[in-house]
A.B. asks: 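What follows is a structure written as structure tokens; I'll ask about it next.
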Amino acid sequence: MWELRSASFWRAIFAEFFATLFYVFFGLGASLRWSPGPVHVLQVAVAFGLALATLVQAVGHVSGAHVNPAVTFAFLVGSQMSLLRALCYIVAQLLGAVAGAAVLYSVTPPAVRGNLALNTLHPGVSVGQATIVEIFLTLQFVLCIFATFDERRNGRLGSVALAIGVSLTLGHLFGMYYTGAGMNPARSFAPAILTRNFSNHWVYWVGPIIGGSLGGLLYDFLLFPRIKSVSERLTILKGIRPNDSDGQPEVTGEPVELKTQAL
């Protein structure tokens, strides 16, 4: 439990709360329909992509800017963060998403608030098809995150924040027509809470969680294997304090941030 006594740990938790709040506020805000007619897909896709790119640039060095339980779960499955940190991240993300949606709800005229729930299945799309779409959308997104955050690459190509933002935009450009492009359980959960609409809500948890996990496993175990022993993976998952080079515990009280969590 040494992480709980670390200031950087709590800064990372707050960063996830703060970033998810702003992500939901700006992303869903750009998705509201202020006049009759369909949602402008390009506007929504670009808004979510720019919002995430901005937040990765702002807090990526603090928490990794996961801003998404599916992303956090993928890092957990890949043994790149402790179980405690992952659970705290997910709670912070859900609370931040609800807070962001609540602020947006409070400043939006009542006639427009009903459009807050962006995630709805196209009438011709079954729940099975929707789940598969969400799996593929999140898989490519998490694959991009793992690749751009990977400290083992000999020089990263271009901007990490921009690459992740473009990947999210791509997912929305395709997925908006099928499912509204969830790709993020927190972003789907927040408006569902406020509008009390949980129709097919499980799709927006199951699809992204499976897709994110597959993306992380595909990258870390097949495309660019991260060689770790079982004991090393268990040490990370348990959040055991790392030792210094002399075999003595570190005394700073600050956790060593995972390199894949920094830009």
Side-chain angles (χ1 to χ4, degrees), residues 20-52 67-71 73 90 93-142 165 167-215:
T20 312
L21 185 157
F22 275 83
Y23 174 74
V24 168
F25 179 82
F26 284 104
L28 289 184
S31 308
L32 293 173
R33 290 191 291 270
W34 290 81
S35 58
V39 175
H40 197 297
V41 173
L42 180 60
Q43 173 182 315
V44 177
V46 172
F48 274 108
L50 289 177
L52 185 59
V67 196
N68 186 336
V71 173
F73 191 78
I90 292 173
Q93 291 157 1
L94 293 175
L95 293 177
V98 172
V103 173
L104 178 62
Y105 188 87
S106 68
V107 299
T108 303
V112 185
R113 290 173 181 169
N115 299 317
L116 193 62
L118 180 63
N119 294 142
T120 54
L121 305 188
H122 185 278
V125 176
S126 69
V127 291
Q129 292 171 327
T131 303
I132 293 174
V133 168
E134 286 293 319
I135 289 174
F136 273 82
L137 296 178
T138 316
L139 192 157
Q140 67 84 22
F141 177 55
V142 169
S167 177
L168 186 68
T169 301
L170 171 64
H172 279 78
L173 287 174
F174 177 87
M176 284 286 295
Y177 296 102
Y178 289 84
T179 63
M183 303 171 65
N184 186 331
R187 192 265 267 188
S188 302
F189 176 75
I193 285 287
L194 293 180
T195 62
R196 298 176 179 83
N197 180 9
F198 288 91
S199 177
N200 299 318
H201 184 67
W202 63 269
V203 170
Y204 300 99
W205 280 87
V206 174
I209 292 294
I210 294 177
S213 300
L214 289 176

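Just so we're clear, the structure is a prediction, and the values are computed from it rather than from any experiment.
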A.B. asks: Could you give the distance from OH (Tyr177) to NE2 (His172), rounded to the nearest 0.5 Å?
C.D. replies: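 Those atoms lie 13.0 Å apart.
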A.B. asks: Val71 versus Val142: any side-chain heavy-atom pair under 4.5 Å?
C.D. replies: yes
A.B. asks: So which atom in Gly29 and which in Leu104 form the shortest heavy-atom distance, rounded to 0.1 Å?
C.D. replies: N-CD2, 3.5 Å
A.B. asks: Looking only at heavy atoms, which two atoms of Met183 and Glu134 are closest? And how far apart?
C.D. replies: N-OE1, 2.8 Å
A.B. asks: Atom CG in Asn184, atom OH in Tyr23: separation rounded to 0.5 Å?
C.D. replies: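 Asn184 atom CG to Tyr23 atom OH measures 5.5 Å (nearest 0.5 Å).
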A.B. asks: Please report the closest heavy-atom contact between Arg187 and Leu28, naming both atoms and the distance.
C.D. replies: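 Here Arg187 and Leu28 meet closest at CD-CD2, 4.1 Å.
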A.B. asks: Would you say the side chain of Val67 lies within less than 4.5 Å of the side chain of Leu52, judging by non-hydrogen atoms?
C.D. replies: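 The answer is yes; the side chains approach within 4.5 Å.
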A.B. asks: Is there a donor-acceptor pair under 3.5 Å between the side chain of Tyr178 and the backbone N or O of Gln129?
C.D. replies: no
A.B. asks: Apply side-chain contact (heavy atoms from CB on, under 4.5 Å) to the pair Val133 and Phe174, showing each step before the final yes or no.
C.D. replies: CA-CA 9 Å; Val133 168; Phe174 177 87; 4.2 Å; yes
A.B. asks: Going by heavy atoms in the side chains, are Leu116 and Leu194 under 4.5 Å from each other?
C.D. replies: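 Side chain of Leu116 against side chain of Leu194, heavy atoms only: contact under 4.5 Å found.
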A.B. asks: Any heavy-atom pair between the side chains of Thr179 and Tyr204 that's under 4.5 Å?
C.D. replies: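 Yes; the side chains approach each other to less than 4.5 Å.
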A.B. asks: Do Leu118 and Val44 have side-chain heavy atoms sitting under 4.5 Å apart?
C.D. replies: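 With C-beta onward as the side chain, the pair touches.
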A.B. asks: Hey, could you give me the CZ/CG distance between Phe136 and Leu214, rounded to the nearest 0.5 Å?
C.D. replies: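 Here the rounded value is 9.0 Å.
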A.B. asks: Nearest 0.5 angstrom please: Leu137 CG to Ile132 CD1, how far?
C.D. replies: 12.0 Å
A.B. asks: Any chance you could measure Leu95, atom CG, to Ile90, atom CD1, to the nearest 0.5 Å?
C.D. replies: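 These two atoms lie 12.0 Å from each other.
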A.B. asks: May I ask you to decide if Val103's main-chain N or O and Ser106's side chain share a donor-acceptor pair within less than 3.5 Å?
C.D. replies: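 Looks like yes, one N/O pair under 3.5 Å.
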A.B. asks: Aromatic rings Phe198 and His201: how do their planes relate, parallel, tilted or perpendicular, breaks at 30° and 60°?
C.D. replies: perpendicular
A.B. asks: Looking at Asn200 and Val203, would you say the former's side chain and the latter's main chain have a donor-acceptor pair under 3.5 Å?
C.D. replies: no
A.B. asks: What pair of heavy atoms forms the shortest contact from Leu121 to Ala130, and how long is it?
C.D. replies: CD2-CB, 3.5 Å
A.B. asks: Atom CD1 of Ile135 and atom CD of Gln140: how far apart are they, to the nearest 0.5 Å?
C.D. replies: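 Spacing of CD1 (Ile135) from CD (Gln140) equals 13.5 Å.
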A.B. asks: Within the structure provided, determine whether Phe73 and Pro208 are in side-chain contact (heavy-atom separation under 4.5 Å).
C.D. replies: no
A.B. asks: Would you name the heavy atoms of Ala181 and Gly171 that are closest together and state the gap between them?
C.D. replies: CB-O, 4.0 Å
A.B. asks: How far apart are the closest heavy atoms of Ala97 and Ala190, and which atoms are they?
C.D. replies: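 Reported closest heavy-atom pair: O-CB, 3.2 Å.
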A.B. asks: Are side-chain heavy atoms of Phe141 and Leu170 found at a separation under 4.5 Å?
C.D. replies: no
